[in-house]
Q: 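Before we start, here is the structure in question, set down as C-alpha cells.
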Amino acid sequence: MTAGPIRQKTVVTQAMERIKDLIASGQYKTGDKFPTEHELAEQFQIGRSSIREAMKVFQHLGVLESRVPRGTYICDSANISKEALTWSILLGDNDFYDLLEFRLIMEQQGLWYILVYHKDNQEFKDKVVAKLNSEVEKMEEALKLNDYERRIEADYRFHQHIIAACRNELFNSIYRTLDNLIREEMVTADHDKEYYQTSPDRHKLLIKKIEEGNYDDTLATYRSHIHDSYKIFNNISIGEGEEA
C-alpha cells in the first residue's frame with residue numbers, strides 16, 4: 001500500500017484509491033469494522049471532508065455500510081456485484097444491440113426455469129402463465145383504446161415476469177436498469193402497424209408453447225418473437241436516420 005500524504009489536486013479520487021488498497025490488501029475483510037473518517041484522515045494526511053466524500057461513493061456502491069452508532073463495515077459481495085454491474089450498464093459505452101442480446105439471454109434463462117427446472121411444479125408454471133395472460137388481456141384492452149403507452153407497459157411487464165421466474169435479483173435489477181432501452185425498442189417496433197395490431201397474438205403463442213411444456217419449441221418461438229421486433233426496430237431506425 002502506498003504511504004505518505006496525498007498532494008495532488010484529485011484528493012477525493014486518490015482517497016478512494018487508498019481505501020480500495022486497504023480492502024484489496026486483505027487488511028479488512030467482509031464484516032470487518034472499517035476505520036473512522038478521523039483515523040483515515042490522519043493516516044492519509046488529508047481533510048476529513050475528502051474522506052467523507054470518498055466513503056459516500058463506496059457506501060452507494062454497496063462496498064461499505066454505515067451502521068449508526070457502531071461505525072462503518074465492509075459489505076459482502078452480493079450487493080456490490082449488483083450495484084457495480086447495473087451502474088456499468090448505465091454509464092458504459094455499450095452497443096444497443098449488445099444490451100438487447102443480454103436481455104434475451106436473461107429471458108431464455110427464465111424460460112428454462114419455468115419449463116425445465118420447475119417442470120414437475122405445475123403450480124409454479126400456472127402462476128407464471130396466469131401473470132402472462134393478465135398482461136396479454138391488458139394489451140388487448142389497450143389496443144381497443146388505441147393506448148400505445150398501456151400496451152407498452154403490459155408488454156414490458158410480460159417479459160419481466162419471465163425473467164422473474166429465475167428468482168435472480170441481479171437479473172431483475174438489470175432488467176429494471178434497461179427499462180428505457182427496452183421501452184424504446186418496443187415503442188419503435190410499434191410504429192409498424194401490423195406488428196402493433198398482432199402483438200397480443202404473438203404473446204399468446206408464446207404462452208401456448210409454455211403451457212405445452214416443450215422447452216426447445218418455446219425457445220424457438222420466443223427467439224422468433226424477439227427477432228421480429230429487433231428487425232422492425234432496426235429497419236425503422238435506419239429509415240429515420242436516412243431521413244435525417
Side-chain angles (χ1 to χ4, degrees), residues 1-107 109-110 153 156-157 159-160 162-187:
M1 182 175 64
T2 306
I6 295 174
R7 303 185 186 282
Q8 301 201 16
K9 293 181 180 180
T10 55
V11 181
V12 174
T13 300
Q14 292 197 47
M16 290 174 61
E17 289 294 327
R18 295 287 187 87
I19 291 172
K20 187 171 68 175
D21 286 345
L22 287 176
I23 299 171
S25 68
Q27 186 173 346
Y28 296 94
K29 299 180 177 63
T30 299
D32 287 350
K33 186 175 181 180
F34 205 63
T36 65
E37 290 178 9
H38 178 73
E39 291 169 337
L40 291 174
E42 285 194 345
Q43 182 176 343
F44 300 158
Q45 297 182 37
I46 59 175
R48 289 180 61 179
S49 61
S50 296
I51 296 294
R52 187 176 303 115
E53 291 304 311
M55 291 182 71
K56 280 181 181 178
V57 174
F58 285 108
Q59 287 170 359
H60 182 74
L61 289 175
V63 178
L64 298 175
E65 179 185 10
S66 177
R67 303 176 186 172
V68 180
R70 291 182 293 166
T72 300
Y73 291 79
I74 306 290
C75 298
D76 60 41
S77 62
N79 191 46
I80 298 171
S81 62
K82 181 177 69 176
E83 289 293 340
L85 182 54
T86 52
W87 276 104
S88 175
I89 291 171
L90 277 174
L91 301 177
D93 185 19
N94 301 292
D95 182 84
F96 181 88
Y97 293 99
D98 286 347
L99 293 175
L100 291 180
E101 188 77 7
F102 190 63
R103 167 248 179 142
L104 183 147
I105 291 171
M106 292 191 296
E107 286 198 66
Q109 187 68 359
E153 183 63 33
Y156 177 85
R157 286 195 306 265
H159 295 279
Q160 187 174 40
I162 293 176
I163 291 174
C166 298
R167 294 179 175 172
N168 184 317
E169 186 50 41
L170 179 58
F171 281 8
N172 294 333
S173 178
I174 291 172
Y175 189 74
R176 290 192 296 269
T177 300
L178 297 176
D179 180 287
N180 289 335
L181 179 77
I182 294 168
R183 290 174 191 270
E184 179 186 348
E185 175 240 330
M186 291 176 175
V187 168

Q: Going from CD1 on I74 to CZ on F34, what distance comes out if it is rounded to the nearest 0.5 angstrom?
A: 5.0 Å

Q: Rounded to the nearest 0.5 Å, how far apart are CE of M55 and OG1 of T36?
A: 8.0 Å

Q: For S25 and I23: C-alpha separation, side-chain torsions, deciding distance, then whether side chain to side chain contact (heavy atoms under 4.5 Å, CB included) applies.
A: CA-CA 5 Å; S25 68; I23 299 171; over 6 Å; no

Q: Find out whether T72 and E65 are in side-chain contact, i.e. whether some heavy atom of one side chain is under 4.5 Å from a heavy atom of the other.
A: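 In short, these two side chains do not touch, never coming nearer than 4.5 Å.
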
Q: Does a side-chain heavy-atom distance below 4.5 Å link R48 with L40?
A: no

Q: Would you call F44 and S50 a side-chain contact if the rule is heavy atoms closer than 4.5 Å?
A: no

Q: Would you say that R103 contacts H159 through its side chain, given a criterion of any heavy-atom pair below 4.5 Å between the two side chains?
A: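 The answer is yes, as the side chains (C-beta and beyond) meet within the 4.5 Å cut-off.
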
Q: Would you mind reporting whether I163 and N168 have side-chain heavy atoms less than 4.5 Å apart?
A: no

Q: Please report the interatomic distance CZ(R167) to CG(N172), rounded to the nearest 0.5 Å.
A: 11.5 Å

Q: How long is the span from the CD atom in E53 to the CZ atom in F58, to the nearest 0.5 Å?
A: 13.0 Å

Q: How far apart are the C-alpha atoms of K33 and R70, what are their side-chain angles, what is the distance that settles it, and do they pass the side chain to side chain contact (heavy atoms under 4.5 Å, CB included) test?
A: CA-CA 9 Å; K33 186 175 181 180; R70 291 182 293 166; 5.6 Å; no

Q: With a 6.0 Å cut-off on the ring centroids, do Y175 and Y156 count as close?
A: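 Yes - the distance between ring centres of Y175 and Y156 falls below the 6.0 Å cut-off.
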
Q: In chain order, what residues pass the side-chain contact (heavy atoms from CB on, under 4.5 Å) check against E42, with sequence neighbours excluded?
A: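 With neighbours one apart ignored, the set is H38.
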
Q: Can you tell me how far apart OH (Y73) and CG (L64) are? Round to the nearest 0.5 Å.
A: 12.5 Å

